[in-house]
Amino acid sequence: MEFTDLKRKPFKVAKEDKLFKGIVVSCLEELKVRCISIFGFIVHSTLDVNVVLAEDGTLIDDEEYFGLLPENTYLIVRSNEQEKVATIFDSTDGKLETSESQETFIKTPLATIPSQVIKKLNNMSISEAMISLMTLSNEELEWILDSNISTFHKFLKVSEDELRIFYSTAEKELLRRNELTQANQLLHLYQKAKDSLDLVDSVKRKR
């Protein structure tokens with residue numbers, strides 16, 4: 001089943017630094033896939049990524065349980081390799097031996113910025129950037145929510161606090177569009193059901 005076939009909900013995700021980002025996903029597997037891209041985890045598969053509740057550290061490894069979480073639940077996402085590096089650091093009394101294999105998991109690759117997003121947001125003020133969100137596609141909004149905040153300091157003339165407001169607004173805009181799509185789908189189903197009932201009534205009257 002494709003991720004888009006499932007109901008999507010917003011969550012707040014972060015690594016151990018607790019710098020939470022908004023994300024809209026349909027299931028636990030999609031959240032892991034998106035977080036691998038967002039945080040630059042270098043892993044073999046989503047099995048190497050753990051998701052826990054930020055509130056009490058409860059491990060979330062079941063799709064059914066994940067589906068019961070309320071919207072905007074705060075989650076901490078870790079990679080197994082990230083935890084291995086942390087263990088190495090702790091065992092050396094704070095002196096991390098930066099071998100080539102260890103450095104691989106410390107560095108976070110910078111995402112490639114789509115040219116159309118750069119063109120739309122380059123050198124904008126915060127008010128201009130907020131207005132521009134209405135012109136972005138769902139895919140572009142999802143890319144913004146997946147990317148690192150520091151990436152946009154090169155293109156937007158805003159402070160970090162303003163940038164967080166921009167991210168929050170992008171999340172709300174994407175959620176609004178998803179809810180509108182769902183509402184239209186329900187309206188379409190209702191209209192089909194009503195037309196079917198009207199057809200049945202019409203046939204009964206003719207008899």
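Given the structure is predicted, the values throughout are model-derived calculations rather than measurements. Index from 1, following the sequence.
Applying side-chain contact (heavy atoms from CB on, under 4.5 Å) to Phe11 and the options Val25, Val24, Val51 leaves one that passes, Val25. In summary, of the residues considered (Val77, Asp61, Leu59, Ile60), a side-chain contact (heavy atoms from CB on, under 4.5 Å) with Val52 occurs for Leu59 alone.
No donor-acceptor pair under 3.5 Å is formed between the side chain of Ser168 and the backbone N or O of Arg164. The main-chain N or O of Val13 is never found under 3.5 Å from a side-chain atom of Lys21 such that the two would form a donor-acceptor pair. A donor-acceptor contact shorter than 3.5 Å links the side chain of Ser196 to the backbone of Lys192. Of the possible donor and acceptor atoms, one in the side chain of Glu30 sits under 3.5 Å from a partner among the backbone N and O of Ser26.
Across every non-hydrogen atom of Lys9 and Leu68, the tightest pair is NZ-C, 4.4 Å. A pairwise comparison of heavy atoms in Arg8 and Arg34 identifies NH2-NH1, 3.8 Å as the closest pair. In plain terms, the two heavy atoms of Phe41 and Cys35 that are nearest each other are CD1-O, 4.0 Å. For the pair Phe20 and Leu75, the tightest heavy-atom approach, listed with the atom from each and the gap, is CE2-O, 3.5 Å.
Hydrophobic clustering (side-chain heavy atoms under 4.5 Å, transitive across Ile, Leu, Val, Met, Phe, Trp, Tyr) keeps Phe166 apart from Ile131. Linking ILVMFWY residues whenever their side-chain heavy atoms come closer than 4.5 Å, directly or via other members, leaves Leu19 and Ile36 in distinct clusters. Tyr167 and Leu136 fall within a single hydrophobic cluster, where Ile, Leu, Val, Met, Phe, Trp and Tyr are joined by side-chain heavy atoms under 4.5 Å apart, directly or via other members. The hydrophobic cluster containing Tyr65 also contains Ile23, counting ILVMFWY residues as joined when their side-chain heavy atoms lie under 4.5 angstrom apart, directly or transitively.
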* Mind running side chain to side chain contact (heavy atoms under 4.5 Å, CB included) on Leu141 and Arg177 for me, showing each step along the way? => CA-CA 11 Å; Leu141 287 174; Arg177 294 183 188 183; 3.5 Å; yes
* To do: Please assess Met130 against Ser127 for the test side chain to side chain contact (heavy atoms under 4.5 Å, CB included), listing each intermediate value before the final yes or no.
  => CA-CA 5 Å; Met130 300 283 265; Ser127 58; 5.7 Å; no
* Evaluation steps, side chain to side chain contact (heavy atoms under 4.5 Å, CB included), between Val49 and Arg78 -> CA-CA 6 Å; Val49 176; Arg78 306 168 178 144; over 6 Å; no
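Distance check: Thr169 OG1 to Glu162 CD gives 11.5 Å after rounding to the nearest 0.5 Å. Between Leu187 atom CG and Leu180 atom CG the span is 10.5 Å, to the nearest 0.5 Å.
Salt bridge present: Glu173 and Arg176 bring a charged side-chain N and a carboxylate O closer than 4.0 Å. With respect to Lys12 and Glu171, a salt bridge is recorded, a charged nitrogen being found less than 4.0 Å from a carboxylate O.
For Gln191, the CD atom is densely surrounded, since the number of other residues' heavy atoms within 6.0 Å is greater than 12. The number of heavy-atom neighbours closer than 6.0 Å to CD of Glu55, taken from other residues, nucleotides and ligands shown, is 12 or below.
Put simply, the side chain of Glu29 reaches to within 4.5 Å of the side chain of Thr46, judged on heavy atoms.
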